[in-house]
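Note that the structure is a prediction, hence the values are computed from the model and not measured.
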Amino acid sequence: MATHNLMHGLRIDALVPHYLALRETAGLDLLFLQEDRYLAGGPPGDERPSTRIAAALGSPYQLVRDDGCPGLCLIYDSRTLSCRARAVVPLPRLARLSWFEKLYIVGGQTKQKYLLLAEMQPDGGGPVFGAVCFHLDTAGGNAHRLTQVQAIASALEARDLQRRAIACGDTNAFAWRRQPEALGKLLAPLRDLGAADSETPETRPTHFFARQNEPKLPHRTGVLLGKMGLDLPRRYDVVCTTLPVSRRGQVVTPDSDHDLIWAELRA
């Protein structure tokens with residue numbers, strides 16, 4: 001399985017080959033996507049970037065998504081998995097934005113964030129596991145994002161999926177100093193369920209401000225600073241799972257501000 005933030009599909013044509021290559025080299029049964037919507041509308045017939053990705057992967061690949069959370073999507077290989085149920089769960093909403101946050105949040109207002117939860121079953125009738133896709137708030141700080149991770153853990157427990165679960169996505173766990181420690185604290189509610197971020201932690205950064213291609217002035221400033229050799233790479237993207245992990249990896253994807261990360265799990 002793999003997880004990837006699409007940067008609103010702004011360069012989707014250049015991202016698709018990465019998913020095809022991963023399918024061929026490591027296998028791809030389940031793909032978690034964030035920012036699965038175009039900022040200013042997409043090409044005719046392509047309502048969301050995931051439509052194009054699924055089409056490129058081939059007819060066995062099916063979509064799990066909901067209009068209630070248009071930025072999140074799961075794509076799964078129906079030859080190896082089936083979706084037994086799905087749910088959209090609201091996460092705690094940030095009350096307001098600071099003046100600085102209004103500069104880089106598209107629309108300048110707080111937005112309701114959700115998690116997309118699917119109950120997946122391996123081919124042959126194996127035990128069901130919970131697959132959670134999330135994208136935590138960019139604004140609000142890590143204390144606010146911690147309340148959202150707590151809500152993710154509660155959603156798994158409410159459905160009795162905490163013992164067999166995969167929770168993947170973009171944490172936005174920014175910290176000026178000691179960011180890995182801040183990320184670890186943020187993920188504590190999932191770790192308490194046994195959903196470890198990794199058995200052998202991958203510590204490379206996954207997010208790069210210099211690769212942002214979004215229209216707000218702070219995004220463009222980040223790109224400019226990156227060209228001058230100044231960036232703040234941080235590890236935002238995670239795979240938290242209670243399932244045994246055989247291998248993990250990371251794919252550099254310059255056409256998104258996030259790298260793709262993947263894991264091979266024994267489901």
Report the distance from atom [atom1] of [X] to atom [atom2] of [Y], rounding to the nearest 0.5 Å.
X      : Y      : atom1 : atom2 : answer
Leu260 : Asn5   : CG    : CG    : 10.5 Å
Cys168 : Leu116 : SG    : CG    : 12.0 Å
His135 : Leu91  : NE2   : CG    : 11.5 Å
Phe174 : Asn142 : CZ    : CG    : 9.5 Å
Tyr76  : Met120 : OH    : CE    : 5.5 Å
Leu265 : Met1   : CG    : CE    : 6.0 Å

Treating Ser78 as the side-chain partner and Gln62 as the backbone partner, does any N or O pair qualify as donor plus acceptor under 3.5 Å? no
Test: Arg235 and Asp197 ion pair at under 4.0 Å: yes
salt_bridge(Glu264, Arg247) N-O dist < 4.0 Å: yes
Sequence neighbours excluded, every pair satisfying side-chain hydrogen bond (donor to acceptor under 3.5 Å, both in side chains) that has a member inside residues 19-33: His4-Tyr19, Asp29-Thr80
State which residue, out of Lys111, Lys113, His144, fulfils the side chain to side chain donor-acceptor pair (under 3.5 Å) condition with Asp137. His144
Would you please test Thr171 and Arg234 for side-chain hydrogen bond (donor to acceptor under 3.5 Å, both in side chains) and show each step? CA-CA 11 Å; Thr171 65; Arg234 294 290 186 266; over 6 Å; no
Tell me yes or no: between the side chains of Gln34 and Thr3, is some donor less than 3.5 Å from an acceptor? yes
Please tell me whether Arg163 and Thr242 have a donor and an acceptor in their side chains that are separated by less than 3.5 angstrom. no
In terms of the angle between their ring planes, are His258 and Tyr236 parallel, tilted or perpendicular, with boundaries placed at 30° and 60°? tilted
Quick one: list whatever passes ring-ring contact (aromatic ring centres under 6.0 Å, His included) with Phe134, sequence neighbours left out. none
In short, Val252 meets Arg204 closest at the heavy-atom pair CG2-NH2, 4.0 Å
Side chains of Leu57 and Ile75: does their closest heavy-atom pair fall under 4.5 Å? yes
Report the C-alpha separation of Asp259 and Arg211 in whole Å, then their side-chain angles, then the decisive distance to 0.1 Å, and conclude whether the salt bridge (Lys or Arg N to Asp or Glu O under 4.0 Å) test is met. CA-CA 10 Å; Asp259 279 352; Arg211 287 174 12 193; 2.7 Å; yes
